[in-house]
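Throughout, protein chains are lettered first and strands after them, A, B, ... in sequence-line order, and every chain is numbered starting at 1. The model shown is predicted, which means the values in this text are computed figures rather than measured ones. Below, each value reflects all heavy atoms present in this structure, side chains not excepted, and no hydrogens, waters or symmetry copies.
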2 protein chains.
Amino acid sequence: MTDAPPDLRADARRNRERILQAAVGQFTRHGIDASLEDVARAAGVGAGTLYRHFPSREALIAAALRQGQDRLLAEAARARALPDADAALAAWLASLQDYLRTFHGLPAPVLAAIEQQDSPLALSCEAMAAMTGEFLDRAKREGHARASVETADLFLATLGIAWAVDRAAACGTSTGRVNAILARGYLRDGGDR
Amino acid sequence: MTDAPPDLRADARRNRERILQAAVGQFTRHGIDASLEDVARAAGVGAGTLYRHFPSREALIAAALRQGQDRLLAEAARARALPDADAALAAWLASLQDYLRTFHGLPAPVLAAIEQQDSPLALSCEAMAAMTGEFLDRAKREGHARASVETADLFLATLGIAWAVDRAAACGTSTGRVNAILARGYLRDGGDR
DNA sequence: GGGTTATGTGGAGACTGCCTCCGTATAGTG
DNA sequence: CACTATACGGAGGCAGTCTCCACATAACCC
């Protein structure tokens, strides 16, 4: 759980951990836009301390997310083990969307991280896109994925749908039905190109 | 162009118009999250005046959007005239996304308006959903739209994709390719249900 | 233990944006 | 011209982000 910062003083390490824990709590309760002052307060720490450890909101999000990433990787491994390439891709996309629902509003900073690779989220973001590409490629080879579908586009569409479902949770829309549209389209007939 | 407020004093009417014009400018340049203080400043008006005419950011957005709505309705009519139901649906969805790109970040308040119908945007939002339903129903009857696709889901997916494309404009992703995925899915084979 | 110093701490305060309130200005009317 | 309903504007309260630096303290050495 502790992401073992290199060589911090004991109190610094302790504070860092407290902040992280408080951040997870606040982000879970109030979404990704939770007040950082509140996070500091909940951690029993001054604002300066928070900003020294995590210079930007994105950095804090990235760190708070690190834990859930293990689960995502585990689910990716499970999906990879599926014999059916199409099912594997679908399972991966579902896991990805679950992950993006870790905190309310998460898709926004993740998408933002695509563009500026200096973002602390950029790494995991690229990794997610790469894995999407891996599953998509396999589904093109072994399954029924269209050759014309590109990784970036599918990833973007997935992010967009995760965002929309996340925000419209109240009105009764199911992730499943929306994703069914993404998988098979709103049109009935196939016919590539 | 002037949305003819009922019976305002001359200076009030003039100021309202200036604010609206300034809002369009700021929203166009800086997106939907532009500072309202800047809008007031650009309009040469105090903050109080701005808030009296437009009590919330959403109200201002709704008013600033009113102009573009005419174009959207015109495009809807053009789409409705298309003989092919599938093409009509696709054209409508494309127009809708164009409209959602009027201002950077517009999909967010529009989606938010779905949930709270007291929002000034709720009306146009419901109208857009209703029109999507109209085109979808026709495509189900006359074209190749799947019976299992529901209006709310398609509308939501469209919003999500508009959001994602809007935000990822920099990296080279085309609306066309993403929408192709939405239309025909990432899988090759048909087979309803 | 006591002294020294590199490493951290916290909160005051500068800044920005949202929004309200009310003393003042002015358009419209007779 | 006087009078009043209507509208104006900006000061000020609030909340949030982020920085800066006087002060604390962990770690190291004797």
Could you check how far [atom1] of [X] sits from [atom2] of [N], rounded to whole Å?
X	N	atom1	atom2	value
L50(B)	dG17(C)	CG	P	14 Å
L60(B)	dG17(C)	CG	P	16 Å
L8(B)	dA7(D)	CG	C1'	9 Å
L36(B)	dC19(C)	CG	P	7 Å
R41(A)	dT9(C)	CZ	P	18 Å
R52(A)	dT25(D)	CZ	C1'	13 Å
F54(B)	dA7(D)	CZ	P	13 Å
E17(A)	dG8(C)	CD	P	15 Å

*Examine distances only and state if a side-chain atom of N179(B) and a backbone atom of L182(B) form a donor-acceptor pair shorter than 3.5 Å.*
no

*Position toward the 5' end of DNA chain C (nearest nucleotide), D38(B) or V45(A)*: V45(A)

_Upstream residue (5' side of DNA chain C) when D33(B) and A47(A) are each assigned their closest nucleotide_ = A47(A)

*Identify whether the distance between the nearest side-chain nitrogen and carboxylate oxygen of D153(B) and R177(A) falls below 4.0 Å.*
yes

_Note: D38(A)-R41(A) ion pair, threshold 4.0 Å (strictly below)_ = yes

Phosphate OP1/OP2 of [N] contacted by [X] side-chain N/O (<4.0 Å):
X	N	result
N15(A)	dT9(C)	yes
H53(B)	dA7(D)	no
T49(A)	dG8(C)	no

Minimum-distance nucleotide to [X] side chain [options: [options]]:
X	options	answer
R9(A)	dA5(D), dA26(D), dT9(C)	dA26(D)
D11(B)	dC18(C), dA26(D), dC8(D)	dC8(D)
Y51(B)	dC19(C), dA27(D), dC8(D)	dC19(C)
E37(A)	dG9(D), dT17(D), dG28(C)	dT17(D)

*asked:* Please compare S56(A) and A12(B) by the position of their nearest nucleotide in DNA chain D and report the one closer to 5'.
replied: A12(B)

_Under 3.5 Å, is there any donor-acceptor pair linking the side chain of R57(A) to the base of dT17(D)?_
no

*Compare every heavy atom of A91(A) with every heavy atom of L82(A), then report the nearest pair and how far apart it is.*
CD1-CB, 4.0 Å

*May I ask you to check whether over 12 heavy atoms, not counting those of R80(A), lie within 6.0 Å of atom CZ?*
yes

*Under 4.0 Å between any heavy atoms, over every strand shown, what does S35(A) touch: base, sugar-phosphate, or nothing? Just pick one.*
sugar-phosphate

